[in-house]
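The first residue in the sequence is number 1, and the count goes up from there.
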Amino acid sequence: MKVEEYYCLTLDTACAPNYTPDPADRCIQAYYALNNDVILIGGSDPWLIYWLSVTKLDTDAINRQIVDYVLHMEPTVFGHRSNVLEKTEYTEEQLRSFYSATVKQEDDIIGQLKAAKQRCRRLEADGKLIPKIKQHRRLLTGNVWGAADFYRKNEKLITRLKSMKYLYCSDDPKVRELYEQLDQCCANLYNAYMSEARG
């Protein structure tokens, strides 16, 4: 197996950056789709990527080779994530609704997902998670006017809720659906806050 066979960043999706990406900013993110796909993205910084591949979560040997390769490669071709995703069946919007984790070694792909699912099960164990999500969704829905003040007042809560993206990999479809709605509420509120702050 050649690792390069899984490389989705082709010349027709590449771009020439007008700056030199700092190697210190590189990281690998794993995005977990519900159909057992794992999308591995090597990011140069918040704007550019140098690797994107789609494999199955259970192809452990292949995934390990890819992570090892990406960790040690010296990127020469860069692209924007949304453009490279066009070579796959996934969109930027879909990726935002997947659980993602930083990968620092080969074992992290499965290890990070297992840890996230364990966190989900702990939160779901007492049966109070869904009512809590609904309660937070009601609080954050529809507060567009005076968004700057509302956002500042609830910033700690919003930050905490946004840090719970592991709920995207819950085994309970209702939890995933409600958390996606809640995550969108947080995003809408932040956008309204920024628009109001800009004047």
Side-chain angles (χ1 to χ4, degrees), residues 8 27-41 43 46-47 49 52-58 80-103 108-148 150-197:
C8 295
C27 71
I28 303 174
Q29 289 288 121
Y31 291 80
Y32 301 90
L34 295 177
N35 64 357
N36 205 40
D37 277 356
V38 58
I39 302 102
L40 289 174
I41 297 179
W47 302 278
I49 69 170
L52 192 148
S53 60
V54 181
T55 54
K56 289 296 182 183
L57 185 63
D58 52 12
H80 296 291
R81 189 172 77 171
S82 57
N83 292 341
V84 183
L85 279 170
E86 292 178 5
K87 293 288 184 178
T88 75
E89 63 182 86
Y90 297 105
T91 64
E92 189 73 36
E93 184 176 350
Q94 284 176 299
L95 244 62
R96 285 194 289 269
S97 68
F98 293 160
Y99 172 65
S100 68
T102 301
V103 173
D108 284 349
I109 294 178
I110 293 177
Q112 293 276 29
L113 183 62
K114 283 183 177 178
K117 284 187 173 290
Q118 286 172 356
R119 294 181 77 180
C120 288
R121 293 185 190 108
R122 283 198 298 269
L123 280 181
E124 294 163 353
D126 63 2
K128 296 179 180 178
L129 179 61
I130 287 178
K132 284 181 182 177
I133 294 176
K134 288 180 177 179
Q135 179 184 359
H136 292 317
R137 185 185 59 181
R138 283 193 299 272
L139 172 67
L140 301 180
T141 300
N143 291 285
V144 177
W145 303 110
F150 184 85
Y151 186 88
R152 280 192 290 269
K153 180 181 177 182
N154 294 280
E155 189 169 5
K156 286 185 179 179
L157 171 64
I158 292 167
T159 300
R160 182 166 62 84
L161 294 174
K162 289 176 70 64
S163 73
M164 297 171 68
K165 290 186 183 291
Y166 52 85
L167 292 176
Y168 276 127
C169 66
S170 169
D171 293 327
D172 185 337
K174 189 64 177 177
V175 170
R176 295 197 304 268
E177 177 189 352
L178 287 171
Y179 182 74
E180 183 174 5
Q181 294 171 6
L182 183 60
D183 195 26
Q184 188 60 56
C185 286
C186 292
N188 291 344
L189 188 58
Y190 176 76
N191 292 336
Y193 159 65
M194 290 302 295
S195 296
E196 189 173 315

If we only count heavy atoms from C-beta on, is the Q135 to R138 side-chain gap below 4.5 Å? yes
Not counting sequence neighbours, which residues clear side-chain hydrogen bond (donor to acceptor under 3.5 Å, both in side chains) with S100? List them please. none
Using the test side-chain hydrogen bond (donor to acceptor under 3.5 Å, both in side chains), find all partners of N36 that sit at least two apart in sequence or belong to another chain. D58
With Q29 via side-chain hydrogen bond (donor to acceptor under 3.5 Å, both in side chains) - residues at least two apart: T102
How close do L52 and V54 get, heavy atom to heavy atom, and via which atoms? CD2-CG2, 4.3 Å
Any side-chain to backbone donor/acceptor pair from Y32 onto I109? Under 3.5 Å, distance only. yes
Could you check L123 against Y166 for side chain to side chain contact (heavy atoms under 4.5 Å, CB included), going step by step and ending with a plain yes or no? CA-CA 11 Å; L123 280 181; Y166 52 85; 3.3 Å; yes
Please list every donor-acceptor pair under 3.5 Å in which a side-chain atom of residues 86-97 meets a protein atom from a residue at least two apart or in another chain.
residue : atom : partner : partner atom : Å
K87     : NZ   : D12     : OD2          : 2.8
T88     : OG1  : L85     : O            : 2.7
T88     : OG1  : Y90     : N            : 3.0
Y90     : OH   : N35     : OD1          : 3.3
Y90     : OH   : N35     : ND2          : 3.1
Y90     : OH   : D37     : OD2          : 2.6
T91     : OG1  : Q94     : N            : 3.1
T91     : OG1  : Q94     : OE1          : 3.4
E92     : OE1  : R81     : NE           : 3.3
E92     : OE2  : R81     : NE           : 2.9
E92     : OE2  : R81     : NH2          : 2.1
Q94     : OE1  : T91     : N            : 2.9
S97     : OG   : Q94     : O            : 2.8

Looking only at non-hydrogen atoms, find the nearest pair between C186 and L140 and report the distance. SG-CD1, 3.8 Å
If you take all heavy atoms of C169 and Y99, which pair is closest and at what distance? CB-CB, 4.0 Å
For R119, all residues meeting salt bridge (charged side-chain N to carboxylate O under 4.0 Å, His left out), sequence neighbours excluded: none
Within a strict 4.5 Å, meaning less than it, do heavy atoms of the L129 and L167 side chains meet? yes
Under 3.5 Å donor-acceptor pairs involving side-chain atoms of residues 170-179, not counting sequence neighbours:
residue : atom : partner : partner atom : Å
S170    : OG   : E124    : OE2          : 2.4
S170    : OG   : D172    : N            : 3.0
D171    : OD1  : K117    : NZ           : 2.8
D171    : OD2  : R121    : NH2          : 3.3
D172    : OD1  : K174    : N            : 2.8
R176    : NH1  : S170    : O            : 2.7
Y179    : OH   : L161    : O            : 2.6
Y179    : OH   : K165    : N            : 3.4

Check the pair Y168, F98 against side chain to side chain contact (heavy atoms under 4.5 Å, CB included), reporting the backbone distance first and the verdict last. CA-CA 6 Å; Y168 276 127; F98 293 160; 6.0 Å; no
Just wondering, more than 12 heavy atoms not from K153 lying within 6.0 Å of its NZ? no
Side-chain touch V84/I41, heavy atoms, less than 4.5 angstrom: no
Evaluate the criterion side chain to side chain contact (heavy atoms under 4.5 Å, CB included) for residue pair L157 and L139; output intermediate values, then yes/no. CA-CA 11 Å; L157 171 64; L139 172 67; 3.5 Å; yes
Hey, mind stepping through R160 and H136 against side chain to side chain contact (heavy atoms under 4.5 Å, CB included) and telling me if it holds? CA-CA 11 Å; R160 182 166 62 84; H136 292 317; 4.2 Å; yes
